Amino acid sequence: METYDLTIRGGRVALPGALVACDVGVRDGRIVALAERLSPGKRDIDAAGRLVLPGGVDGHCHFDQPTGDGSRMADDFLTGTRSALFGGTTTIIPFAAQIRGQSLRAAVDDYHARASGKAMIDHAFHLIVTDPTPDVLERELPALIAEGYTSFKIYMTYDDLKLSDRQILDVLSVARDHGAMVMVHAENADCIAWLTDRLEAEGRTAPIFHAAARPKVIEREATHRAISFSELVDVPILIVHVSGAEAMEEIRRAQGRGVSLHAETCPQYLFLSEDDLTGPGFEGAKCICSPPPREAANRAAIWQGLATGVFSIVSSDHAPFRFDDPAGKKLKGEDASFRWVPNGIPGVETRLPLLFAGVVEGRIDLDRFVDLTATGPAKMYGLHPRKGVIAVGSDADLVIWDARAPVTIAQVDLHSACDYTPYEGITVPAWPEIVVQRGEVLAERGHLFAEPGQGRFLPCDRPAPARPLGARRPSGLFRAEEA
Ligand code: URP
Ligand code: ZN
Ligand code: ZN
């Protein structure tokens with residue numbers, strides 16, 4: 001008789017495209033059997049009456065990332081991965097960020113040192129490219145892509161991060177030639193600077209004016225520009241953290257005319273609104289992130305984009321800064337202009353439970369939930385089928401969900417080192433009860449069994465190219481015989 005290290009029995013298991021009542025057999029960290037009835041394992045978990053889903057893959061989160069303004073992220077790899085784990089996420093992809101003047105290799109080495117001995121769950125790294133020198137473009141990026149750093153984020157805003165249009169084209173061209181995925185933060189930097197100066201001159205500096213300085217039209221403009229560049233270079237891109245319906249419509253239009261284009265959104269654009277930037281005193285600073293949450297009615301459009309396939313992934317964009325902290329949201333004091341408030345909110349632990357509410361409310365089906373939160377990001381970043389799916393041969397990263405008792409989100413119950421959650425008081429219908437990574441139970445009903453440092457680094461495959469590499473589409477830029 002076959003023996004399994006672990007058998008998960010009697011649950012309803014989310015296999016690709018179907019919810020099936022079956023047992024899951026695990027050996028040596030991998031799924032080795034899926035059948036109606038399996039023999040007992042060394043350990044058996046009774047999942048009767050519960051859902052068994054793939055461990056979440058959070059393709060966009062910031063842990064222990066160096067900042068340029070003296071602020072400090074609340075979560076390092078220990079607290080960040082602990083928080084992810086309790087929210088049902090078993091793979092994270094944070095960012096090794098290049099500081100201008102620094103080599104990309106140095107940024108990657110530094111980030112490995114930050115993860116080492118701390119990460120409790122498996123992780124890959126994206127790069128953030130802020131200084132695309134000839135050496136970065138011609139030598140470092142190709143070498144790092146070949147080693148498994150196959151995605152990089154570029155910014156169209158933030159003074160210390162943004163690239164010029166020409167630099168963006170250079171980076172896209174490297175992605176095209178070497179088969180990498182470029183993630184674009186699409187907001188128009190000059191428009192933000194112009195609006196910020198005017199708002200401040202009028203004394204409008206409270207957190208709510210962060211939203212006024214970054215209206216939807218400037219996200220739409222930058223999104224349109226990024227898509228145009230991707231068409232010009234003929235390389236797929238991913239527009240990250242899409243917040244406004246206008247930007248989403250630009251994406252939908254481009255997808256409709258056959259552009260290979262991906263889009264990500266985040267729970268903050270489904271559950272928060274610009275009203276959350278108000279509140280007594282400086283409270284609104286808790287919800288300052290970029291792009292900002294939009295007016296309440298905008299959320300329905302983003303849900304619709306999830307249901308209709310405009311978006312292929314939902315990530316947390318977890319960027320935790322403590323509220324009551326001079327290295328956090330109060331960096332320049334409690335009355336400082338919104339300009340000085342570090343951008344970003346915590347959310348790695350609440351991403352899956354919040355989105356799951358959309359399943360229970362009938363906004364998206366379970367298949368789409370799994371795709372958006374696990375399979376989609378694993379595919380996007382070259383980790384599938386090892387991650388993001390329940391299939392024979394895949395890593396046994398599994399989450400047993402308890403949908404029998406609603407949970408009201410409260411900071412005191414969360415595991416990040418941040419001192420607040422923007423979702424305080426929201427009730428969700430379900431929460432991960434048991435979280436398994438590579439066949440080991442790491443979290444169970446609020447108890448942690450993971451060890452710091454047990455998460456493994458995952459080199460990523462190159463994402464599947466939209467067209468064979470080298471087969472450029474004929475355009476004004478490239479010669480027809482190259483097509
Ligand atoms: O406000 C945000 N989103 N902060 C994190 C950095 C980024 O742009 O994703
Ligand atoms: Zn961003
Ligand atoms: Zn981000």
Side-chain angles (χ1 to χ4, degrees), residues 8 10-15 18-21 45-58 83-90 265-273 276 287 293 296 299-308 311 313-318 345-377 388 390 397-416 420-436 443-447:
I8 297 175
R12 288 181 302 143
V13 182
L15 303 182
L19 191 61
V20 177
I45 295 176
D46 177 12
R50 266 105 83 233
L51 287 171
V52 182
L53 307 187
V57 178
D58 193 341
S83 186
L85 188 54
F86 276 108
T89 287
T90 49
T265 192
C266 314
Q268 45 272 41
Y269 308 120
L270 300 164
F271 287 87
L272 302 180
S273 77
D276 293 298
C287 292
R299 295 179 295 202
I302 303 297
W303 275 112
Q304 202 237 359
L306 288 179
T308 55
F311 297 106
I313 57 178
V314 172
S315 309
S316 67
D317 193 9
H318 179 83
I345 59 174
V348 74
E349 191 165 346
T350 44
R351 174 184 72 122
L352 294 173
L354 284 168
L355 197 69
F356 194 86
V359 178
V360 174
E361 288 163 10
R363 295 173 183 273
I364 52 172
D365 63 25
L366 186 68
D367 218 34
R368 189 99 190 94
F369 171 84
V370 169
D371 215 29
L372 288 163
T373 58
T375 319
I390 301 180
D397 295 354
L398 303 159
V399 179
I400 301 173
W401 282 76
D402 188 353
R404 296 169 300 185
V407 172
T408 299
I409 296 173
Q411 166 60 18
V412 289
D413 297 326
L414 299 177
H415 301 83
S416 155
Y420 75 96
T421 169
Y423 306 109
E424 187 79 31
I426 294 181
T427 298
V428 292
W431 203 274
E433 181 184 357
I434 299 179
V435 183
V436 175
E444 183 169 1
R445 296 181 191 93
H447 298 285

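In this text the structure is predicted, and so the values were computed from the model without any measurement.
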Check: Ignoring hydrogens and geometry, is there a side-chain-to-backbone donor-acceptor pair from Trp431 to Phe86 under 3.5 Å?
Finding: yes

Note to self: Ignoring hydrogens, what is the shortest heavy-atom contact between Pro267 and Val314? Give both atom names and the distance.
What the structure shows: CD-CG1, 4.0 Å

Margin query: Using 30° and 60° as the class boundaries, would you call the ring planes of Phe369 and Trp401 parallel, tilted or perpendicular?
Written below: perpendicular

Notebook entry, point to check: Does Asp402 reach the main-chain N or O of Glu433 with its side chain, forming a donor-acceptor pair under 3.5 Å?
Noted result: no

Margin query: Using modelled atom types and a 3.5 Å cut-off, is there a donor and acceptor pairing between side-chain atoms of Thr375 and backbone atoms of Gly388?
Written below: yes

Note to self: Is the shortest side-chain heavy-atom distance between Leu270 and Leu354 below 4.5 Å?
What the structure shows: no

Notebook entry, point to check: Where the side chain of Tyr423 meets the backbone of Gln268, is there a donor-acceptor pair that is under 3.5 Å apart?
Noted result: yes

Checklist line | Minimum heavy-atom distance Glu424-Gln411, with the two atoms named | finding: OE1-N, 2.9 Å

Checklist line | Atom of Thr90, atom of Gly55 and distance for their closest heavy-atom approach | finding: OG1-CA, 3.2 Å

Margin query: Could you measure the distance from the CZ atom of Arg50 to the CD1 atom of Ile434? Nearest 0.5 Å is fine.
Written below: 6.0 Å

Item checked: Heavy-atom donor-acceptor pair, His318 side chain to Gly347 backbone, under 3.5 Å -> yes

Item checked: Thr408 versus Asp413, closest heavy-atom pair with distance -> O-OD2, 4.5 Å

Notebook entry, point to check: How many angstroms lie between atom SG of Cys266 and atom CZ of Phe311, to the nearest 0.5 angstrom?
Noted result: 9.0 Å

Margin query: Minimum heavy-atom separation for Asp365 and Val359, please, with both atom names.
Written below: O-CG2, 4.2 Å

Note to self: Check whether Arg299 reaches the backbone of Phe271 with its side chain - one donor and one acceptor, N or O, closer than 3.5 Å.
What the structure shows: yes

Checklist line | side-chain contact (heavy atoms from CB on, under 4.5 Å) partner of Phe356, chosen from Val428, Leu53, Ile364 | finding: Leu53

